[in-house]
Amino acid sequence: MTIRGAALAAAATLLSLGGVAPAAAQDDKPRPPDQMSNVGGTLLGQPGTHVDLGTGAPELPKKLTGRSWVVADAESGAVLAAHNAHWKLPPASTLKMLFAETLLPLFNKEEKHKVAPEELEGMGEGSSLVGIKEDLTYTVRELWLGVFLRSGNDAVHVLSAMNGGVDATVQAMNDRARELGAEDTHVVSPDGYDAKGQTSSAYDLTLFARAGMQNPDFRAYAATPRAKFPGGKKGKKREYFEIQNTNRLLTGDVDVDVYKGIAGIKNGNTTNAGATFTGVAERDGRVLLVTVMHPDEDESNAVYKEAGKLLDWGFKAAPAVQPVGELVPPEGMRQEDGAGQDSGKNADDGKGTAGSGEQPSASDGTGAATAHEEEGGGVGTALAITIGSVALLAIVAYVIHRRWPLPDLVGRGRPGGAIEQEAGHEVDPDDKGDGDAEGAVDALSGDAAEVPAEKKLE
C-alpha cells in the first residue's frame, strides 16, 4: 500500500508539473467529428482530405490550412476534392448567400423602403455596415448592393424587417436550407454574425452558392466590384458614395490579384469563424465552385490565396479526377432524380477511406486517395443573359443529364455597370472596364464609422 501510495503521489506530481502538456495541447486543436453527414456521398462524411486522382491529374496544392474546404463543378455538381466537407463550423457572412437565395425572389428590386429606427437595432457589436440611415429611403436594389458588396448587416436587418422580422427570416432560411439539402446549417442570425449554435459547412455553403447562381440578380450582385450607394441629404439632393466589394478575388488587394474568370460570390470574417469564402469562376467553359473555411494560416488574405490555389488545381485536374461525391440538387429535383444521401462517386464502392498524414497520397487512378490534415480580367464573367423559365429548364436539364447548367457566363468587363446605370448613377470615369477597381474607395466617405480591419466582423 505504501508503494502504491508513493506511485500515486508521483503521478499526481507529474500531472501538476505539466508532464502531459504536449498531449493536452494537441487535444486542444479543433478536430472534426469521426463521422459527419453523408449527404452527397459517404466519403464526404469522413474526416480528412478526399481526392481520386486519375492519370495525369496534378497533386493537390501544398500547405492548405483551411479547416474545411470543397472544390466542385458548379454545373454537374461533381465534388472534385474535399477536406472535412461536412464539418459544422461558424459560417460568418458567407451565410448571407443563403439569406439572399431565400429573400431575393420576394421583392421587386425597384421597390422603395423608408428605414425605421427599430430596423437597425439588434446588430452585433463591430458588425460590418454599408451605412444605412434611419428615416431615409432606399430601393431594394441598393439594399442588396449593401449586402453583397459591403456585407452590410444593416442592409440585412432592413430586408429582414421587410420580410416580417428577423425571427421570420431565420425560420425561412432554415426551411430553405433543408430544401437545398444543407443539413449542417442552423441559422440563428440572418447576417451570419457569431451566435451560439449557428453553424454551416463547406459543403452547405457550396450548395447555397450553386443555388443562388441560378438567379440572375444574385449573379449580378455577387459579381459587382463596386457601386454608388446613397448617403445622406445635402439640401434637397441625395448624396452618393462609392462602395467596393470586400471579395478580394474580385477586386484584388496588395497581395492578391484579381482571379482570372472570377464571378463572385461571398466572403466573411468573425472571431469564431475566422475567414470564410465561397467563390465561383469560369475558364474555357468549365464553371467551378470553391469554399474555404477558417485557414489556420495567419498570412494576410490566406482564405483568398488558398481558394485561388484550389481553383487553379480544379481547372487543371477536372478532366482527370474522379468525383468523390456530389452536390445534391434541391428537394424537388432530388426526389425525381433519386439523388441524396450516400450518393456520388465512391459512395458505396469501398475504395475511399479516411487516412492520416500531412498530405493526401496520390491515387493510382483506381481508387480515392485520402488524408487527415488539414491573369488578366475576367471579373466580368457575371451573367448578362436572361433566360425565360430558368427554374423549369434547370429541373428538366438536371433530371435528364444530372446537370444543373448555369446560363452562359459572358465576359462583360464590368458586371456591376448595368446595376449602376439602372440606378442612375454615374460610372467612375477612371474605370478602364477591365474589372479592376481603379479609384475605388474602401471607406464610407464619412457616412458610417469605419471599423478597424482587424476588428471588423463581416
Side-chain angles (χ1 to χ4, degrees), residues 36-41 44-45 70-80 82 85-86 88 91 94-107 163 169-187 190 199-219 221-222 263-266 278 280 287-291 323 325-345 347 383 386-407 409:
M36 296 169 282
S37 169
N38 285 333
V39 172
L44 301 183
V70 166
V71 183
D73 187 296
E75 295 186 308
S76 70
V79 176
L80 306 182
H86 281 292
K88 296 180 181 180
T94 45
L95 193 64
K96 288 183 172 77
M97 293 187 296
L98 175 61
F99 174 78
E101 209 279 332
T102 304
L103 266 63
L104 258 174
L106 304 182
F107 306 110
N163 186 51
T169 299
V170 166
Q171 183 61 55
M173 291 172 67
N174 279 316
D175 291 344
R176 184 57 178 157
R178 298 292 84 76
E179 291 172 0
L180 294 173
E183 296 186 359
D184 304 322
T185 297
H186 177 64
V187 181
T199 63
S200 192
S201 66
Y203 183 88
D204 284 8
L205 293 174
T206 310
L207 288 181
F208 302 152
R210 188 186 187 207
M213 289 296 286
Q214 297 296 315
N215 185 314
D217 288 332
F218 187 106
R219 291 193 295 275
Y221 292 129
I265 300 176
K266 192 71 191 76
T278 297
V280 62
V287 185
L288 296 184
L289 286 162
V290 63
T291 295
E326 71 166 345
L327 300 176
V328 296
E331 189 173 50
M333 300 183 197
R334 203 180 317 140
Q335 292 171 353
E336 294 185 42
D337 198 38
Q341 289 193 357
D342 299 325
S343 60
K345 174 69 178 176
L383 176 76
T386 300
I387 296 179
S389 304
V390 172
L392 178 60
L393 291 176
I395 291 173
V396 173
Y398 194 96
V399 171
I400 295 176
H401 304 295
R402 292 192 62 79
R403 292 177 66 84
W404 193 6
L406 292 174
L409 296 178

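Keep in mind that this is a model prediction, so the values were computed, not measured.
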Give me the atom names and distance for the closest heavy-atom approach of [X] to [Y].
X    : Y   : value
V70  : A85 : CG2-CB, 3.8 Å
E183 : S37 : OE1-OG, 4.1 Å
L327 : A72 : CD1-CB, 3.7 Å

Gap separating the [atom1] atom of [X] from the [atom2] atom of [Y], nearest 0.5 angstrom:
X    : Y    : atom1 : atom2 : value
K88  : H186 : NZ    : NE2   : 10.0 Å
D175 : L180 : CG    : CG    : 11.0 Å
N163 : F99  : CG    : CZ    : 7.5 Å
M173 : K96  : CE    : NZ    : 9.5 Å
K266 : L98  : NZ    : CG    : 13.5 Å
D73  : L289 : CG    : CG    : 8.5 Å

#### Entry: Set of side chain to side chain donor-acceptor pair (under 3.5 Å) partners for T102, sequence neighbours left out
none
### Message
So, using side chain to side chain donor-acceptor pair (under 3.5 Å) as the criterion, who are the partners of N174 when residues are at least two apart?
### Response
none
### Task
For Y203, check ring pair (Phe, Tyr, Trp, His ring centres under 6.0 Å) against everything at least two apart and list the hits.
H86
### Task
For residues V280 and L288, determine if any side-chain heavy atom of one lies less than 4.5 Å from a side-chain heavy atom of the other.
no
### Chi angles and distances behind the side-chain contact (heavy atoms from CB on, under 4.5 Å) call for I265, F208
CA-CA 10 Å; I265 300 176; F208 302 152; over 6 Å; no
## Note on the structure
Partner of M97 under side chain to side chain contact (heavy atoms under 4.5 Å, CB included), picked from L205, L207, D204, is L205
### Query
Taking it one step at a time, do V79 and V71 satisfy side-chain contact (heavy atoms from CB on, under 4.5 Å)?
CA-CA 6 Å; V79 176; V71 183; over 6 Å; no
### Query
Any side-chain donor paired with an acceptor under 3.5 Å for S200 and D184?
no
### Side-chain H-bond candidate by donor/acceptor type, T94 with T278, under 3.5 Å
no
### Query
Do NZ/NE/NH1/NH2 and the carboxylate oxygens of R176 and E101 come within less than 4.0 Å?
yes
